[in-house]
Colleague: 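Okay, here's the structure, questions in a sec.
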Amino acid sequence: MAKPNYAFAKRQRDLAKKQKKEEKRLKKAAAKEGEPVEGQAEEGQPAEGQVEEGQAEASPGESSADDKPAG
């Protein structure tokens with residue numbers, strides 16, 4: 001049976017950790033410069049799946065109080 005190569009496994013873990021750290025640094029730098037980052041919407045537009053303040057999502061069969069006729 002072959003012996004596990006612990007040095008190789010450690011090197012792979014270290015490389016993965018270093019890559020993840022670099023990606024995080026780049027993401028922060030892009031956010032600091034004002035560039036939109038993945039998952040963020042452009043200014044004034046909600047990201048997909050998000051609702052702006054004051055808006056409520058309603059299913060097609062439901063109506064809100066604003067939709068009902070007065071009287």
Colleague: Under the criterion side chain to side chain contact (heavy atoms under 4.5 Å, CB included), I'd like the reasoning laid out for Glu22 against Arg25: C-alpha separation, chi angles, the key distance, then a yes or no.
Modeller: CA-CA 5 Å; Glu22 178 67 12; Arg25 186 190 65 79; 2.6 Å; yes
Colleague: Below 3.5 Å, can you tabulate the donor-acceptor pairs from side chains in residues 2-18 to any protein atom, sequence neighbours excluded?
Modeller:
residue: Asn5; atom: OD1; partner: Ala7; partner atom: N; Å: 3.4
residue: Asn5; atom: OD1; partner: Phe8; partner atom: N; Å: 3.2
residue: Lys10; atom: NZ; partner: Asp14; partner atom: OD2; Å: 3.2

Colleague: With sequence neighbours left out, what residues match Glu23 under side-chain hydrogen bond (donor to acceptor under 3.5 Å, both in side chains)?
Modeller: none
